[in-house]
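Throughout, a chain's letter reflects where its sequence line sits, starting with A, and its residues are numbered from 1. Note that this is a predicted model, so its numbers are computed, not measured.
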There are 2 protein chains.
Amino acid sequence: MTKVSSDFKVSVLQTSCRNCSLSSLCLPKDLVSTEIKELESIVSQLPPLNKHGHIFSQGENFSSLYVVRSGCVKKYQVDAEGNEQVNGFSLPGELLGIDAIGTGRYMSSAEALDTTSYCQLKYSKFEELCEKIPGLIKHILKMAGQELVAEHDIHKAISQKSIDERVAVFFTSLSTRLRILGYSGSEFNLPMSRHDIANFLGMQPETFSRSLKKLITDNLIDVNLKNIRIKDQDNLRLLAGHCETCPSNKVMNG
Amino acid sequence: MTKVSSDFKVSVLQTSCRNCSLSSLCLPKDLVSTEIKELESIVSQLPPLNKHGHIFSQGENFSSLYVVRSGCVKKYQVDAEGNEQVNGFSLPGELLGIDAIGTGRYMSSAEALDTTSYCQLKYSKFEELCEKIPGLIKHILKMAGQELVAEHDIHKAISQKSIDERVAVFFTSLSTRLRILGYSGSEFNLPMSRHDIANFLGMQPETFSRSLKKLITDNLIDVNLKNIRIKDQDNLRLLAGHCETCPSNKVMNG
DNA sequence: CGCGAATTTGAGCCGAATCAAGCGTTGTGG
DNA sequence: CCACAACGCTTGATTCGGCTCAAATTCGCG
């Protein structure tokens, strides 16, 4: 069903932020009706992307911020030697493009992993609006802050945690984010490839595969291709936040 | 000379942003005089900190953003098990506390590695000012963006690069930042311990020490305790931006 | 000068990368 | 509808880089 396709005619839909199920994530609280109207006027909903479609690509001139509405987006960079680094995966309600404001160019690419819809915020207009709507500044800084916190978490995980712990971090973190969006946190489908997850977590795909096997053996999760079922939230979270000195790890490894 | 000390009487200095050598880093361009005045009115320069003094600590209530004026600041987090993760080092002109805006609490601690002076921006007042001074929003988002880019860089380095490459990344990056501040990029003193650098770069202190030795042997740098002299910028940068498939690495290792 | 902390050095081991098949799934064309 | 090709994923065997543990050395500081 990757057929949203070429006969999708309306190129730009004017968005109703009011009725959007994501408004609690996208919008600051306590906006009055006129403010929402103003905000809506600078938000455009672009036609959905199919798998592998790009919201923007590394190096392009910066003009807009984007918010994911549905689907899942892979953020990645490719260096001079052609090596890819996956910076993260964005779910509905998450903001894309902040790191481009300073440089004037998108520093990473944002690629749909599935059919993905999203909203565009022309940055020049957004800036004007910040001066009008109190709380909008705080809101965007909040989202920037969340991104920084997430980066610190992954930095720590790759820096200090074992392979299995990193994989546990990934699943618990994804589980939490999905639950916040109203989806099941205990069973979900991975829109991204094993390759991309492994890259994000700083390991080889083979190693990720072996770690999956281990978590299955330890009765923490079940895996069926892209489908993940978390069987033991508690111990998975324990593993995710874990250091070597804690005895439970020994138990599991033994 | 760690004696800025207790008899430093003036508790809060009103700052002159105009005359500050960092203004090009701290302030948006093209501010008119009245705008600078308004900005100065919300900026306080607090008494300098000695080594090990904290600008803020993880978990404290968020109230202000801070800008480093001189010295060097270590950003770090400590988890439930007491493990420390060094998130980075802040040099003059750099902003601290952005990640606290969303959560209302400082997510990390900011500790002076040396005698360090800094400015405080009361966040509530800052927000008001954003609505008045066009360009201030862009400026802070720019700084947030820079922080995100830096996080992606370190994520990639720890994820994909070898030990020696990571150390080269650290020195070249530090060199560049110091040069921008007007210091020498080819010779400098490290204000932070080996332990902290190793932690930041996702390795053990022993491993960092061995890597230093290797870079010295390869004639890329000279090290004298805290003093670092970069002898071969070009090849150090080559190593920093490097992957295994590139032949020059083989040359150096062989 | 002497103590404690930080750093370096050494030896041995282990976890994860690499290399190489094998398997299963998906998509395509006959 | 089935055969086949292509790709993504898993599994196995081997290697090696970096960690661990332990000790020596140097540095910073009273």
Side-chain angles (χ1 to χ4, degrees), chain A residues 1-3 50-52 74 83-84 86 113-114 157-167 189-217 221-228 242-245 249-250 252-254, chain B residues 1-3 50-52 74 83-84 86 113-114 157-168 189-217 221-228 239 242-245 249-250 252-254:
Chain A
M1 268 302 153
T2 46
K3 216 187 166 198
N50 288 330
K51 196 171 175 174
H52 301 308
K74 172 175 103 171
N83 296 315
E84 176 177 300
V86 176
L113 293 174
D114 245 341
I158 298 180
S159 225
Q160 304 194 332
K161 289 179 197 287
S162 74
I163 291 293
D164 293 341
E165 287 167 357
R166 279 182 244 174
V167 173
N189 289 313
L190 297 175
M192 64 292 277
S193 68
R194 307 265 198 267
H195 174 92
D196 287 339
I197 300 173
N199 181 301
F200 174 62
L201 294 175
M203 63 184 72
Q204 296 308 120
E206 295 95 326
T207 308
F208 178 69
S209 178
R210 282 182 249 269
S211 178
L212 277 184
K213 200 176 180 182
K214 176 107 189 1
L215 297 186
I216 295 168
T217 306
I221 60 172
D222 261 352
V223 177
N224 199 285
L225 302 180
K226 296 278 183 184
N227 184 268
I228 306 291
H242 208 222
C243 68
E244 303 126 36
T245 56
N249 200 28
K250 308 274 179 191
M252 292 208 273
N253 288 335
Chain B
M1 266 303 154
T2 44
K3 216 185 168 202
N50 289 330
K51 195 171 176 175
H52 301 309
K74 173 176 102 171
N83 296 315
E84 174 177 302
V86 175
L113 293 173
D114 245 339
I158 297 179
S159 224
Q160 305 193 331
K161 289 180 196 291
S162 73
I163 292 294
D164 293 341
E165 287 166 356
R166 280 181 243 175
V167 173
N189 289 313
L190 297 175
M192 64 291 276
S193 69
R194 306 268 197 267
H195 174 92
D196 287 338
I197 299 174
N199 181 302
F200 174 62
L201 294 174
M203 64 185 70
Q204 297 308 119
E206 294 95 325
T207 308
F208 178 70
S209 177
R210 281 183 248 272
S211 179
L212 276 186
K213 201 176 179 182
K214 176 110 187 1
L215 297 187
I216 295 168
T217 305
I221 61 173
D222 260 351
V223 177
N224 198 285
L225 302 181
K226 298 277 184 184
N227 184 267
I228 306 290
L239 180 60
H242 208 222
C243 68
E244 302 124 37
T245 56
N249 202 27
K250 308 273 182 195
M252 292 208 274
N253 287 337

Is the distance from OP1 or OP2 of [N] to the nearest side-chain N or O of [X] less than 4.0 Å?
X      : N      : result
B/T207 : D/dG18 : no
A/K226 : C/dT25 : no
A/S193 : D/dG8  : no
A/R210 : D/dT11 : no
B/K213 : C/dT9  : yes

What is the separation between atom [atom1] on [X] and atom [atom2] on [N], rounded to the nearest whole Å?
X      : N      : atom1 : atom2 : answer
A/H52  : C/dG27 : NE2   : C1'   : 13 Å
A/H195 : D/dC9  : NE2   : C1'   : 12 Å
A/L212 : D/dG8  : CG    : P     : 17 Å
A/I163 : C/dC14 : CD1   : C1'   : 13 Å
A/L113 : D/dG8  : CG    : P     : 13 Å
B/Q160 : C/dA16 : CD    : P     : 17 Å
B/I228 : C/dT7  : CD1   : P     : 11 Å
A/E206 : D/dA13 : CD    : P     : 15 Å

Earlier contact from the 5' end, DNA chain C, for A/R166 and A/L225: A/R166
Please answer whether the main-chain N or O of [Y] pairs with a side-chain N or O of [X] as donor and acceptor at a distance below 3.5 Å.
X      : Y      : value
B/D196 : B/V86  : no
B/E165 : B/S162 : yes
A/S211 : A/T207 : no

Would you call A/E206 and A/R194 a salt bridge, taking side-chain N to carboxylate O under 4.0 Å as the test?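 No, A/E206 and A/R194 are not salt-bridged.
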Does the base of D/dC21 carry an N or O that pairs as donor and acceptor with the side chain of B/Q204 under 3.5 Å?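 Not at all, since no donor on one side and acceptor on the other fall under 3.5 Å apart.
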Any A/V167 side-chain heavy atom under 4.5 Å of A/L215 side chain: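 Yes; the side chains approach each other to less than 4.5 Å.
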